[in-house]
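Structure first, commentary second.
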Amino acid sequence: MTRSETGFESRLREGRRDLLATLEKVYGPGPGTDVVERLVALARAAHAARPDDLRELDERRIREPDWFQRPEMIGYAAYAERFGGTLAGVGERASYLRDLGIGYLHLMPLLTPRPAPNDGGYAVMDYRSVRADLGTTDDLRALTTTLREHGISLCLDLVLNHVAREHAWAVAARAGDEEKRAYFHVHADREVPDAFEATLPEVFPDFAPGNFTWDDELAGWVWTTFNDYQWDVDWSNPAVLCEYADIILALANLGVEVFRLDAIAFLWKRLGTSCQNEPEVHELTRALRTVARIAAPAVLFKAEAIVGPADLPAYLGVGHHAGRVSDLAYHNSLMVQIWSMLASGDARLAAYALQQLPPPPATTAWVTYARCHDDIGWAIADDDARAVGLDPAAHRRFLSDWYSGTHPGTWARGLVFQENAATGDRRISGSLASLAGAEAGDPGAVARILLAHVLVLGFGGLPVLWMGDEIGLVDDPEWAADPAHAADNRWAHRPRMPWDVVHSGQDPDGVAAGLRHLLAVRRGLPHLHAATPTEVWDPRDPRVLLVVRRHPAGPLLAAHNVSSEEAWVAADVLHWLGLHTAGLRDALSGCAPVLHDGAVALAPYAAAWLHDSDRTPEAQPPGSGRGVD
Ligand code: GLC
């Protein structure tokens, strides 16, 4: 970099090189070069228009690129209308979030969708405007500003696999505009669709079987992976890439800091495959991120790839993509294993499966979560199940039975979502509290709710809480009352926030207080920085998941008893880690654990975060974290 070169120019120089190399692989040498120049022009214009306060944010993020990896970072996800009514209403709740310790807020889709049904907003009709009942783009700008003043970054969905049938591109295509028709996958007859269908899975077999929809106006079959009104866009058309780059840059200039790349796995279609996780998905993500980083370096990407464990690491980048695709990605595998462990009372499958994942690049972080707005699909690899002596299909069947409340002895009260008779797949809806036993009134429910959170908060990554879980909300009994939701039981775990309960301070089960305590403890432990690698150890006691983090401040051993019986952290584990010292403390209880022949007992569903307090001077006592008191 020459002395006079600005940050922008130097990012542009390096970014252009990267874009060329990346896009040549997708579009070939000629078109690749053209597209790069179009993207560079977009980045230049967006940077010129970037407001001063966001440029300051860019500078801060460049200085402190690990801001989202820190132990004090906690995320929260909610539907804007169900949390705050409107965008202005969400802004009024910023201090509630800050008080909880939240530094990152994911609001579910709020750009203008088609009229209902619209898959909870995931059928976007206009990316340039906000849903009228929530506010305007000015309100969005005001919200990001308010949140930033409270130390909270806003994450928005970028629905980039499909648009609504009513989006202007689709409207034009239906009206005969050839250029816009080329934004979609349209086939005049069944030949190509049938060839693809031979290897394609179905995402919504109940309410949207098949992956193509006949459209009279198009006089063709259009690709619709999800619902028939969600038209997949064709990313092999470079014009589509430029459109989405421009949308990202415009939203970034409104103050959106993180983009959740919705259904990113599905972007690239290749005959003879499942059309998920194709290499071009990662090239395209890299290109979009490069453009965003040139113009607005504060921007982060979060991949929503709800895929099997083998395909997951690529979303944070493997090989030459390491650290250059998404900065964050949902740890779907951890989420599934949390529920598998709680149902089986056994940590061996989870330990084995989690050990198979490579560590994420040090500049990235997993999004760790127990629940989100979607259903749970049992993404357990056959090889992982077999390695610990389980029949994969039988275990998945057991989990569906357990969480749908049909297995003898279950405490869970979930709902079957999208049963697929052909594959035996039965996904599950339900809130964390209902799945953990609170709805059934099971005495172990609170301990399980808190244990799920301990796992999410201490595994390593950016933990994201799903709205309502902080007070242990069970399923909404009225979820089907809205006719637009009646066929989709995911609405059972998408309740409205009961602010009267929150404000009354009632916490009969102690979930709210328990969770706030966990959040405070996490903030004080430097070991929980996401750049510190997570090691999952072989369980000594099959009921105890052992997660180790080695940090300059000494090791941290997170031990989780996932069973309803007393279980043990073996003495040899403490010895191996050098934790058999006078300073041994459990950060969760704040006490020195009682040793029995050198081993630590864990009550049913209890956890301990064991560390040497003499080596962790920075550890703050719970309650001293910001905004907790
Ligand atoms: C994502 C969303 C889900 C939606 C789907 C289609 O998976 O999380 O709610 O149905 O994409 O957009």
Side-chain angles (χ1 to χ4, degrees), residues 75 77-82 106-114 116-125 127 131 155-167 170 184 200-211 213 222-233 235 244 247 258-267 274-277 281 285 301-308 311-312 315 326 328-332 335-336 367 369-377 379 415 417-418 425 427-431 464 466-467 479 484-485 487-494:
Y79 282 91
E81 73 279 12
R82 293 183 166 237
H106 168 210
L107 289 179
M108 309 307 296
L110 50 79
L111 304 176
T112 305
R114 78 194 290 268
N118 53 38
D119 191 18
Y122 284 99
V124 181
M125 198 171 97
Y127 293 93
R131 239 173 72 183
C155 168
L156 276 200
D157 276 88
L158 184 74
V159 185
L160 76 184
N161 176 67
H162 44 263
V163 297
R165 184 177 182 272
E166 292 71 18
H167 187 284
F184 301 96
L200 279 176
E202 287 178 305
V203 180
F204 292 148
D206 272 6
F207 42 66
N211 287 278
T213 300
V222 60
W223 199 306
T224 53
T225 298
F226 294 88
N227 290 290
D228 53 13
Y229 52 77
Q230 289 163 303
W231 287 17
D232 290 34
V233 290
W235 281 84
Y244 278 97
I247 291 166
V258 185
F259 289 88
R260 174 187 180 275
L261 307 180
D262 178 67
I264 180 78
F266 295 86
L267 245 49
S274 66
C275 296
Q276 288 184 54
N277 313 309
V281 168
T285 309
F301 280 1
K302 171 169 76 161
E304 191 244 354
I306 308 304
V307 297
D311 293 311
L312 210 47
Y315 289 88
S326 289
L328 294 160
Y330 285 79
H331 202 326
N332 180 50
M335 184 275 290
V336 165
V367 167
Y369 65 114
R371 287 302 288 118
C372 68
H373 70 292
D374 277 331
D375 52 291
I376 303 176
L415 303 161
F417 178 74
Q418 305 291 321
D425 196 25
R427 284 135 66 188
I428 294 290
S429 290
S431 72
V464 177
W466 176 236
M467 188 203 85
W479 67 267
H485 297 165
D488 185 346
N489 64 24
R490 291 178 298 174
W491 290 95
H493 56 259
R494 300 169 176 176

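All ligand and atom numbering here is 1-based and tracks the order in the structure. Source: prediction; values computed, not measured.
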Quiz item: With a 4.0 Å cut-off on heavy atoms, does Arg260 reach ligand 1?
Solution: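 Arg260 counts as a contact of ligand 1 under the 4.0 Å cut-off.
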
Quiz item: Among the heavy atoms of Asp119, does any lie under 4.0 Å from an atom of ligand 1?
Solution: yes

Quiz item: With a 4.0 Å heavy-atom cut-off (strictly under), which part of Phe266 contacts ligand 1: side chain, backbone, both or neither?
Solution: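 No part of Phe266 comes within reach of ligand 1.
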
Exercise. Go through ligand 1 atom by atom and flag the ones less than 4.0 Å from a non-hydrogen atom of Phe204.
Key: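 Contacts of ligand 1 toward Phe204, numbered from 1: 10 (O).
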
Quiz prompt | Thr285 side, atom OG1; Phe301 side, atom CZ - distance, nearest 0.5 Å | solution = 7.5 Å

Quiz item: Considering only the protein, which heavy-atom contact is closest to atom 9 (O) of ligand 1, and what is its distance?
Solution: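 Answer for atom 9 (O) of ligand 1: Asp374 OD1, 2.8 Å.
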
Practice problem: Considering heavy atoms of the protein only, find what lies nearest to atom 11 (O) of ligand 1 and give residue, atom and distance to 0.1 Å. | Solution: Asp262 OD1, 2.9 Å

Practice problem: Can you label the angle between the His373 ring and the Trp466 ring as parallel, tilted or perpendicular, going by 30° and 60°? | Solution: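 Rings of His373 and Trp466: tilted, 30 to 60°.
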
Exercise. Could you label the plane-to-plane angle of the His485 and Trp491 rings as parallel, tilted or perpendicular, counting under 30° as parallel and over 60° as perpendicular?
Key: parallel

Quiz item: Hey, looking at atom 12 (O) of ligand 1, which of His162, Glu304, Arg490 has the closest heavy atom?
Solution: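 Going through His162, Glu304, Arg490 one by one, His162 has the nearest heavy atom to atom 12 (O) of ligand 1.
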
Practice problem: Please confirm whether Arg114 makes a cation-pi placement over Tyr229, using NZ or CZ under 6.0 Å from the six-membered ring centre and within 45° of the ring normal. | Solution: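 Yes, cation above the ring, under 6.0 Å and within 45°.
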
Quiz item: Could Asp374 and Arg494 be called an ion pair, given the rule that one side-chain N must be under 4.0 Å from one carboxylate O?
Solution: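 Salt bridge flag = yes for Arg494 with Asp374.
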
Quiz item: Residues two or more places apart in sequence or in another chain: which of them pass side chain to side chain contact (heavy atoms under 4.5 Å, CB included) with Gln418?
Solution: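 In terms of side chain to side chain contact (heavy atoms under 4.5 Å, CB included), with neighbours along the sequence ignored, Gln418 is linked to Phe204, Pro205, Asp206, Phe207, Arg427.
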
